[in-house]
Amino acid sequence: MRLVDTINEMKAIIKSNRAMGKTIGFVATMGYLHEGHLSLVNRSVQDNDFTVVSIFVNPTQFGPNEDFEKYPRDMERDLSLAEAAGVDVVFAPSVAEMYPEKYKTYVNVEDITGILCGQSRPGHFRGVTTVVNKLFNIIEPHKAYFGQKDAQQVIVLKKMVRDLNMNLEIVTCPIIREADGLAMSSRNVYLNSEERKSAIILSKSLFEAEELIKQGERNCAKIVQYLKDKIGSEALAEIDYVEVVSGDGLEVIEQISGSVLIALAVRFGKTRLIDNIMVEV
Ligand code: PAF
């Protein structure tokens, strides 16, 4: 496995692999790898001849009062996990390499980035689409793998790829959960033991909401209220949002039909967690 930190070297490696007719799989990460990331890597290694994983804590997707500085980092551990998983190249550029002085260009997907996480994190998705666009231009993957855990991110990135006629496929992989249901996230490390226990309420109440829908409930407002009451009963939980939207375009809906996304963001102390479930009726 090679560790590459310059765009020129990364591009040269891609050029020679593409010249040999190899298919390129790509997993974008901010590091501090866990089983969720590794499930994406495994899928890429399975599907492609050559897998690149990027590790880059992207400053443009963090707001001024967010956790960019203290976002967990452990490059050594990440490299050994990536190598063991069969990754060919880890691309880990510096901030200056990705955003040199006088950097001016941003990519923005409109409307669907202003709701859900975009409402409480203004500018977040502009940072995500900008960095992912740059990474796609550098790595030129045939397929790029993203987790359903960040449901809105995947929908936004798919829209960007379609709207900008980009030549690649985005593959969505399922959420990986801890044994007690908590969705895996690099930010789970911030939780103290009380918060960690309380956070189980997120997956538990989402699964219960899914069950209510299976039993025939079709009213979105009732599902949202059910989730708010359940989560609100946890003393440490502070709800940011709970929404039921259409599963493909994130449209506000009143009645559940087709594919719907139940998405939520909740704070436990200083840690903001997201989770979701996609339900088909
Ligand atoms: O999901 C993430 O970790 C980040 O948003 C991504 C896609 C790596 C872009 O920085």
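One-based numbering, in listed order, for ligands and for the atoms of each.
Geometrically, ligand 1 and Gln153 share a nitrogen or oxygen pair separated by less than 3.5 Å. The shortest N/O to N/O separation between Thr29 and ligand 1 does not fall below 3.5 Å.
For ligand 1, the atoms lying closer than 4.0 Å to a non-hydrogen atom of Val131 are 9 (C), 10 (O). Taking every non-hydrogen atom of Ala28 and a distance limit under 4.0 Å, the qualifying atoms of ligand 1 come out as 8 (C).
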Could you go through the side chain to side chain donor-acceptor pair (under 3.5 Å) check for Asn42 and Gln46 one step at a time? CA-CA 6 Å; Asn42 291 340; Gln46 225 174 64; over 6 Å; no
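Using cut-offs of 30° and 60° on the angle between ring planes, the pair Tyr99 and Phe56 is tilted. Using cut-offs of 30° and 60° for the angle between ring planes, the His37 and His34 rings count as tilted.
For atom 9 (C) of ligand 1, the nearest non-hydrogen atom of the protein is Gln61 OE1, 3.3 Å. The nearest heavy-atom contact from the protein to atom 3 (O) of ligand 1 is Met30 CG, 3.7 Å.
For the atom pair CG of Leu33 and CG of Leu40, the computed distance is 10.0 Å after rounding to the nearest 0.5 Å.
When the shell of 6.0 Å around CZ of Arg187 is examined, it contains more than 12 heavy atoms from other residues, nucleotides or ligands.
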